[in-house]
Structures are given as structure tokens and as C-alpha cells.
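Worksheet: the structure to be examined is printed underneath.
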Amino acid sequence: QKEVEQDPGPLSVPEGAIVSLNCTYSNSAFQYFMWYRQYSRKGPELLMYTYSSGNKEDGRFTAQVDKSSKYISLFIRDSQPSDSATYLCAMVEETSGSRLTFGEGTQLTVNP
Amino acid sequence: DGGITQSPKYLFRKEGQNVTLSCEQNLNHDAMYWYRQDPGQGLRLIYYSQIVNDFQKGDIAEGYSVSREKKESFPLTVTSAQKNPTAFYLCASSIHPSSKYTQYFGPGTRLTVL
């Protein structure tokens, strides 16, 4: 079983839709949670990060962590064609330095 | 401009050859990382280095080697012992080994074995 599971998609939505991207994990020691966005043939860029359970909002993006369910989500409101990319969740334990464990990524297409 | 550069962008290798991928950063970051990305597998850690002249194996180090002689540079050699080297290789750095979030990625090198 993978430590981090992420639905690979692909996910296709119309412009303006609310998008929900999700990851589940099995390691209860994960404390820090991140979302990266990766455009085609580019390196990932850090989009959002949260520590432990709770919500964090940044513009059209909201990251949500539910440690009791071992479940994290990224919501994108008013999605735009420029949001079309692969979204990777990543997480790290408190004691493992900065070694990230990644999900496999969800490919999102927002259609104009 | 500060950032991470990787070269070349595309690399072709014949079977049985070693090849070295370049990664340079001018962010003054202490820690550097090499990942491999395959379709359906996400990013997997190959090697990482927290300080100059020191590095540790990641989850899939077999068939790879690295060096860290300078803070700015962390080259990765894909040896002929790597059985399936065709992949997208990503280099990353973070300001400090304990910084949990801030890994910055380079643009990647796509290696194809012919």
C-alpha cells in the first residue's frame, strides 16, 4: 500500500467550476502538508502548505487537512483555464527533516 | 535572477552509457535533492544532500550516484546499472534541511535511453 494515495484523474471541468482535489495517507506521523502545481514539462511549484489539521485560504485556493481521517483536500474556486496542470500533494513527518512523500498527482483540465 | 537551473532539458543516452545531469542553484540553499518522476508514480527521492561533502540515499538510489563538492551544485550521474533510466528528473533545493515546506524545483531534465 502506498503511503499517499491520490486519484490520478484526469479531471476535466468547465471554466468557473469549483474543483476538489484529494489525497489520503496512511502514516499518522505526517504533520506538514503541501500542494504543488506542475505545468506540462515543467518543475513543480509550491502552491499551498498547512501544518496539522485545519483550513488555509489563499485567493481562489483553499487547503484543508483532516488528520483524524488522514485526508487532505485542495479546493479551487472559479477555476480558470490557466489552472490546467497536474496537482501533487506532498507531506512530511516532523522528525524526517525535509524528505517529502508525494502523491502521484491529479491532472486537471479547465475548459473555456 | 535567483533560482535552480538544470541542464540539459532533453538528454538521450545509449544503453550501457553513463550520463551526468547538472543542477545548479544560486539561492544559497543548504539542502539539495534529486527526484525521479514517472507517469502514475509521482515523485520519488533518489538522493539528497543537507550540507557540502555529505549526501544520503533516498528511496530509489540504486544505479545512481551524486556528489556535492560545492554548495551551489549537485550533479546526478545515471549509471549503466540503472535498469530503467528513461524518466523526468527533477532537482530541488531548500534553504535549510529542516525547512518543511520550501523545496524549490528546477525545470527538469527528460532523459531517454535509446
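Labels below follow one simple rule: chain letters A, B, ... track the order of the sequence lines, proteins then strands, and each chain is numbered from 1. Please read these numbers as outputs of a predicted model, since none were measured by experiment.
Enclosure of atom NZ in A:Lys2 by more than 12 non-hydrogen atoms of other residues, nucleotides or ligands within 6.0 angstrom is indicated. When the shell of 6.0 Å around NZ of B:Lys71 is examined, it contains more than 12 heavy atoms from other residues, nucleotides or ligands. For B:Lys57, the NZ atom counts as loosely surrounded, since its 6.0 Å shell holds 12 or fewer non-hydrogen atoms of other residues, nucleotides or ligands. In A:Arg77, the CZ atom is crowded: over 12 heavy atoms of neighbouring residues, nucleotides or ligands sit closer than 6.0 Å.
Applying a 4.5 Å heavy-atom cutoff, none of the residues of residues 66-74 of chain A approach chain B.
Applying the side chain to side chain contact (heavy atoms under 4.5 Å, CB included) rule to B:Phe12 yields the partners B:Tyr10, B:Thr112, B:Leu114; only residues at least two apart in sequence or on another chain are considered. Remark: A:Glu3 pairs with A:Ser26, A:Asn27, A:Phe30, A:Thr101 by the side chain to side chain contact (heavy atoms under 4.5 Å, CB included) rule, at least two apart or across chains.
Interface remark: A:Gln107 contributes no atoms to any contact with chain B (heavy atom separation under 4.5 Å). Of the atoms belonging to B:Leu45, it is side-chain heavy atoms, and not backbone ones, that fall under 4.5 Å from chain A. Interface remark: B:Arg44 contributes no atoms to any contact with chain A (heavy atom separation under 4.5 Å). For B:Asp38, no part lies near chain A; criterion is any non-hydrogen pair under 4.5 Å.
Within the 4.5 Å cutoff, side-chain heavy atoms of B:Gln37 are placed close to those of A:Gln38. Between A:Leu100 and B:Tyr35 there is a side-chain heavy-atom pair separated by less than 4.5 Å.
B:Leu76 and B:Ile60 fall within the same hydrophobic cluster, defined by Ile, Leu, Val, Met, Phe, Trp and Tyr side-chain heavy atoms under 4.5 Å apart, directly or through other members. In the hydrophobic clustering of this structure, B:Leu111 groups with B:Ile46; members are Ile, Leu, Val, Met, Phe, Trp, Tyr whose side-chain heavy atoms approach within less than 4.5 Å, directly or through other members. By the rule that hydrophobic residues join a cluster once side-chain heavy atoms approach within less than 4.5 Å of another member, A:Val13 and A:Phe61 end up as members of one cluster.
Of all the listed residues (A:Pro44, A:Ala90, A:Gly43, A:Gly103), the one sharing the greatest number of non-hydrogen pairs under 4.5 Å with chain B is A:Pro44.
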Item to complete: Before giving the answer on side chain to side chain contact (heavy atoms under 4.5 Å, CB included), spell out for A:Arg99 and B:Tyr48 the whole-Å C-alpha distance, their side-chain angles and the decisive distance to 0.1 Å.
Response: CA-CA 9 Å; A:Arg99 288 190 59 165; B:Tyr48 64 105; 3.7 Å; yes
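For residues 3-84 of chain A, every residue pair satisfying the disulfide bond (SG atoms under 2.5 Å apart) rule, not counting sequence neighbours, is listed here: A:Cys23-A:Cys89.
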